[in-house]
Amino acid sequence: MQIAIHNWMRAETLESTLQRISGLGYTHIEIQGAPESYDSSQVKELLEKYQIQCWGSVTLMLEERNLLAKNPDQRKRSIQYVLDLAQLVADLGGSVISLVPGTVGKIIPDARPEEEWEWAVEGVKEIYQFTEANGLKIGIEPINRFETYFINRGAQALALAEAVGPNCGVCLDTFHMNIEELDMFATMREVGSRLVNFHVADNNRMAPGMGKLDWKRIMSTLKEIGYDDVLSVEFCPPIDRTPANPYPNSIDEAPEGLSKEQLKFLQDHGSTAVTDEFYTMLTQRSIDQLKPYLK
Ligand code: LER
Ligand code: MN
């Protein structure tokens, strides 16, 4: 088992992220789904410089990005976004695309359930053609009901993956499973060999180990189903603007390079801009908690 970390949770240069995580012992990054922001040859140079591998990428379904949109042109542009993202992953030698079909923060459907299902299958199938031809794996990711109304549970992600094709996979995320699953361990077993990626954060979406999830059981269940790939750290700390905040220096009041779209994306996750100090602490706590399980 190896360890990756996402980089969408704090707006900073890729180099500062790579410098931090390589210094803390991470070996992989799940690069944020922003193909428009990255030149793959420059990224490859930075990955080489800091000896970090690209594990894959996660869709950033913000603004109009929505595979379930009623407007066919919007769906087409959304599919193209994921294809561009898959091309970036292929260029960087990555393996997986964590795919969230609908816009994050959109909790009101655009159309009838059967229409949206058809559009989802159609759109993911088009992306699947590319991933199959380029040795990549799609992991359809269930996320909680406050971020989407569409795929919230492993069983739903499995149904969509099965409708798309034999090599279409599922990405599970401990934070979302803790909210939406009756039994996250049963879900992990049910997804089984279709599990292609595993996002980790605690129940409070702080670093693994900072909440109440049973990491020993999570890791033993991964072993039981034969998942021995990458644990991909994706904490996204809740905003605490009160005097009760145990981390008084956590909120970055003057973030640099944070677009309004990125800030909204963080807010749609119940989070906000956080300081380097706080983010580094979370990054450190994550690998400290998971290190015993890495080979
Ligand atoms: C994506 O991996 C995720 O976990 C969701 O919160 C959507 O960003
Ligand atoms: Mn996730």
Side-chain angles (χ1 to χ4, degrees), residues 3-11 28-34 54-68 78 81-82 85-86 89 94-107 120 124 137-154 156-157 160-161 169-181 184 187-188 191 195-208 211 213 218 222 227 229-239 259 261-274 282 286 290:
I3 188 166
I5 188 166
H6 291 244
N7 69 322
W8 62 265
M9 303 82 79
R10 186 169 194 269
H28 291 71
I29 186 169
E30 184 163 342
I31 197 164
Q32 63 180 340
C54 176
W55 166 230
S57 182
V58 61
T59 54
L60 301 186
M61 297 306 276
L62 43 80
E63 291 193 280
E64 66 143 20
R65 292 170 186 162
N66 184 8
L67 298 183
L68 315 172
S78 302
Y81 158 71
V82 184
L85 169 51
V89 172
S95 306
V96 297
I97 289 103
S98 307
L99 197 158
V100 172
T103 310
V104 170
K106 180 175 169 41
I107 52 176
V124 181
K137 283 284 171 80
I138 292 169
I140 293 168
E141 183 179 2
I143 62 177
N144 74 74
R145 69 191 66 183
F146 304 108
E147 294 183 23
T148 188
Y149 62 88
F150 188 57
I151 301 280
N152 302 120
R153 292 180 294 105
Q156 295 166 322
L160 183 51
V170 172
C171 168
L172 292 176
D173 181 313
T174 55
F175 169 70
H176 299 297
M177 286 200 286
N178 178 63
I179 296 171
E180 297 296 350
E181 301 294 347
M184 74 159 75
T187 296
M188 290 165 71
V191 169
L195 186 66
V196 298
N197 195 5
F198 198 73
H199 291 174
V200 289
D202 225 302
N203 65 291
N204 48 17
R205 215 166 192 176
M206 296 287 269
L213 293 185
I218 289 169
L222 286 177
Y227 182 82
D229 263 322
V230 171
L231 299 172
S232 195
V233 172
E234 194 185 30
F235 52 72
C236 186
I239 307 175
S259 69
E261 295 79 14
Q262 284 171 311
L263 178 58
K264 182 178 183 308
F265 192 68
L266 288 170
Q267 290 166 337
D268 284 340
H269 287 83
S271 190
T272 188
V274 294
L282 293 169
S286 300
L290 300 170

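Numbering of ligands and ligand atoms starts at 1, following listing order.
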Please tabulate, one line per pair, the protein N or O atoms found under 3.5 Å from any N or O atom of ligand 1, giving the distance to one decimal.
from     : atom 1 : to     : atom 2 : distance (Å)
ligand 1 : 2 (O)  : Glu141 : OE1    : 2.7
ligand 1 : 2 (O)  : Glu141 : OE2    : 3.1
ligand 1 : 2 (O)  : His199 : ND1    : 3.0
ligand 1 : 2 (O)  : Glu234 : OE1    : 3.0
ligand 1 : 2 (O)  : Glu234 : OE2    : 2.7
ligand 1 : 4 (O)  : Glu141 : OE2    : 3.1
ligand 1 : 4 (O)  : Asp173 : OD2    : 3.1
ligand 1 : 4 (O)  : His176 : NE2    : 2.9
ligand 1 : 4 (O)  : Arg205 : NH2    : 2.8
ligand 1 : 4 (O)  : Glu234 : OE1    : 3.0
ligand 1 : 6 (O)  : Glu147 : OE1    : 2.7
ligand 1 : 6 (O)  : His176 : NE2    : 3.2
ligand 1 : 6 (O)  : Arg205 : NH1    : 3.0
ligand 1 : 6 (O)  : Arg205 : NH2    : 3.2
ligand 1 : 6 (O)  : His269 : NE2    : 3.2
ligand 1 : 8 (O)  : His269 : NE2    : 2.7

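Below 30°, between 30° and 60°, or above 60°: for Trp8 and Phe265 the angle between ring planes is above 60°, a perpendicular geometry.
Contact of the Asp229 side chain with the Val96 side chain is not registered, since no non-hydrogen atoms from C-beta on lie closer than 4.5 Å. With a 4.5 Å cut-off on side-chain heavy atoms, Val200 and Val233 count as touching. With a 4.5 Å cut-off on side-chain heavy atoms, Glu147 and Asp268 do not count as touching. With a 4.5 Å cut-off on side-chain heavy atoms, Asp202 and Phe235 do not count as touching.
Around the Mn ion (ligand 2), the protein contributes the following N, O or S atoms at distances under 2.8 Å: Glu141 OE2, Asp173 OD2, His199 ND1, Glu234 OE1.
Looking at residues two or more places apart in sequence or on another chain, you find a side chain to side chain donor-acceptor pair (under 3.5 Å) between Ser98 and Glu30, Asn197, His199. Every residue was checked against the ring pair (Phe, Tyr, Trp, His ring centres under 6.0 Å) condition with His176, not counting sequence neighbours, and none meets it.
For the residue pair Gly211 and Asn203, the shortest heavy atom distance occurs at CA-OD1, 3.2 Å.
Judged purely by atom type and a 3.5 angstrom limit, Tyr81 uses its side chain to pair as donor or acceptor with the backbone of Leu60.
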